[in-house]
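Have a look at the structure below, then the notes.
Side chains are part of it too, since the values below use all heavy atoms of this structure and drop only hydrogens, waters and symmetry mates. To find a chain, count down the sequence lines: A is the first, B the second, and so on, and within it residues start at 1.
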2 protein chains.
Amino acid sequence: MADRLRADAKANQDLVLAAARRAFARDGGADASLREIAKEAGVGIGTLYRRFPTREDLVWAVYSGEVDRICEEAETSAPHPRAWMETFLDFLAAKRAMADALKVVLAGDEERRLAVRARITGALGSLLDTAAAEGAIRDDVAALDVLMALGGISLIAGEPDQRAQAGRLLDLLMDGLRPCR
Amino acid sequence: MADRLRADAKANQDLVLAAARRAFARDGGADASLREIAKEAGVGIGTLYRRFPTREDLVWAVYSGEVDRICEEAETSAPHPRAWMETFLDFLAAKRAMADALKVVLAGDEERRLAVRARITGALGSLLDTAAAEGAIRDDVAALDVLMALGGISLIAGEPDQRAQAGRLLDLLMDGLRPCR
DNA sequence: TTGCTAAACGGAGCATGCTCCGTTTATGGT
DNA sequence: ACCATAAACGGAGCATGCTCCGTTTAGCAA
């Protein structure tokens with residue numbers, strides 16, 4: 001990329017990211033104040049917004065590493081869809097901000113969102129394919145649909161105290177994926 | 001009820017409701033400004049908030065009639081769960097504000113929310129029971145779980161331009177409800 | 001070293017949600 | 001007709017998201 005950042009810009013970006021990471025760690029990040037994050041980073045609110053135009057951009061910058069790790073897990077570990085889905089839901093429950101970001105990513109059609117989507121559906125798809133090859137689940141359901149189902153579960157029952165409910169919804173989803181008949 | 005409203009209070013409440021109905025009709029209501037509604041009703045913002053402490057209260061006051069109608073439909077018409085669910089999702093898609101309100105209702109445990117929840121799960125339960133009796137679907141899934149699944153679908157794929165996606169998720173849900181094996 | 005300019009900065013400013021509280025008034029009793 | 005007072009009113013005020021724009025400066029070329 002020829003678009004290298006100016007030194008001061010890069011430094012500020014890092015300060016903001018660090019502050020955001022700290023703020024998000026405090027409470028899942030769903031409602032951390034961006035002004036507060038900017039202040040904590042010692043940067044003007046305008047600077048934060050120029051670098052991360054939307055809350056989702058910031059959330060994504062903070063958590064993309066973890067998402068990658070989860071995706072790799074889906075591609076490399078044994079094909080236990082249910083277990084992986086639980087991990088995924090737990091992740092979204094812990095980082096509530098990500099659940100909202102996911103919703104946007106799943107709806108939008110800008111290059112950026114599509115890439116993220118491709119990353120996740122790719123991993124999930126590979127997991128589903130493997131499981132299907134073993135006859136554990138159906139083979140005719142698109143990974144994107146499953147991902148959206150997971151996103152839906154986390155949106156409607158993603159609070160930490162709704163684990164049981166989320167589990168039941170996941171049961172229902174798994175039932176829908178069963179290769180009966 | 002001994003708690004009758006003072007005449008002026010009642011009048012203002014009606015004005016607010018009428019204004020809200022108009023505002024919501026314009027755009028689903030998801031992001032109509034409450035200040036604007038108050039102004040349109042010729043009432044102070046404080047008055048609006050005293051009568052409807054949360055946005056959901058207002059949304060509910062505006063739409064409870066329609067929800068009732070849909071519930072009755074579930075109880076009285078032929079047991080076609082899928083058709084009813086589509087109606088329900090369409091309703092939520094048209095009144096985006098209701099989708100958010102539903103999420104809150106499904107999470108909270110205050111008397112009010114529980115009552116609303118009971119109203120809907122009651123109707124849906126009756127529909128599911130009838131269908132189950134005919135062998136059309138399983139009989140061991142709680143109505144609340146199905147309702148939450150529907151809520152999840154509408155949260156993750158509730159925009160009008162996501163109908164197809166929502167349909168696929170509904171397929172998945174129906175598959176999960178099938179009485180196979 | 002000295003300019004020049006694109007890039008970056010940062011905060012004022014506006015809209016919104018929601019609260020708080022001093023002021024006004026409907027209503028029932030005398 | 002007159003009060004007393006609980007009830008209702010309404011908007012000032014604070015926090016937040018996000019934008020806009022005048023000011024500052026890093027990085028480069030002469």
Side-chain angles (χ1 to χ4, degrees), chain A residues 1-20 22-24 26-62 96-101 103-104 108 110, chain B residues 1-20 22-24 26-62 96-101 103-104 108 110:
Chain A
M1 342 261 119
D3 50 317
R4 274 197 19 255
L5 236 37
R6 227 170 72 174
D8 55 343
K10 168 77 169 108
N12 278 334
Q13 186 177 53
D14 290 345
L15 286 174
V16 170
L17 263 180
R22 261 173 284 144
F24 288 180
R26 276 198 286 277
D27 62 349
D31 48 338
S33 157
L34 296 183
R35 241 189 196 74
E36 205 57 43
I37 291 178
K39 191 183 301 179
E40 196 172 316
V43 143
I45 185 66
T47 298
L48 184 152
Y49 271 97
R50 190 166 343 90
R51 214 50 69 193
F52 305 100
T54 70
R55 186 184 206 88
E56 280 68 34
D57 287 321
L58 184 54
V59 169
W60 195 255
V62 166
R96 296 305 291 135
M98 264 301 295
D100 301 338
K103 172 180 170 164
V104 175
E110 311 77 37
Chain B
M1 343 258 123
D3 50 317
R4 271 194 26 251
L5 237 37
R6 227 169 71 173
D8 54 345
K10 170 77 169 108
N12 278 335
Q13 186 176 54
D14 291 346
L15 286 174
V16 169
L17 263 180
R22 260 173 285 146
F24 288 180
R26 278 198 286 275
D27 62 351
D31 48 338
S33 157
L34 297 183
R35 241 187 194 73
E36 205 57 42
I37 291 177
K39 191 182 302 179
E40 195 171 317
V43 144
I45 185 66
T47 297
L48 183 152
Y49 270 96
R50 190 164 344 88
R51 215 50 70 193
F52 305 100
T54 71
R55 187 184 204 87
E56 280 67 36
D57 287 321
L58 183 55
V59 169
W60 195 253
V62 167
R96 296 304 292 135
M98 263 301 295
D100 301 337
K103 172 180 170 163
V104 175
E110 310 77 37

* Test salt bridge (Lys or Arg N to Asp or Glu O under 4.0 Å) applied to B:D14 and B:K10, step by step -> CA-CA 6 Å; B:D14 291 346; B:K10 170 77 169 108; 3.0 Å; yes

* Asked: Closer than 4.0 Å, any side-chain N/O of B:N12 to the OP1 or OP2 of D:dC9?
  -> yes

* **Donor/acceptor link under 3.5 angstrom from B:R35 side chain onto base of D:dG10** => no

* Asked: Touch check for A:D31, heavy atoms < 4.0 angstrom, all strands: base, sugar-phosphate only, or nothing?
  -> nothing

* To do: For B:D57 and B:T54, indicate whether the former's side chain and the latter's backbone hold a donor-acceptor pair under 3.5 Å.
  => yes

* Asked: Contact class for B:A32 (heavy atom, under 4.0 Å): base, sugar-phosphate, or nothing?
  -> sugar-phosphate

* Can you check whether B:R51 has a side-chain N or O nearer than 4.0 Å to OP1 or OP2 of D:dC9? -> yes

* Asked: For DNA chain C, whose closest nucleotide is more 5', that of B:A7 or that of B:I45?
  -> B:I45

* Phosphate contact (D:dG17 OP1 or OP2) by A:S33 side-chain N/O below 4.0 Å -> yes

* For the side chain of A:Y49, starting at C-beta, report the closest nucleotide among D:dG10, C:dC18, D:dC18. => D:dC18

* Respond yes when some side-chain nitrogen or oxygen of B:T47 is under 4.0 Å from OP1 or OP2 of D:dG10, and no when none is. => yes

* Asked: On a plain distance test, is the side chain of B:R50 in donor-acceptor contact with the base of D:dA8 below 3.5 Å?
  -> no

* To do: Report yes or no: is there a donor-acceptor pair, N or O only, under 3.5 Å between the side chain of B:R6 and the base of D:dA8?
  => no

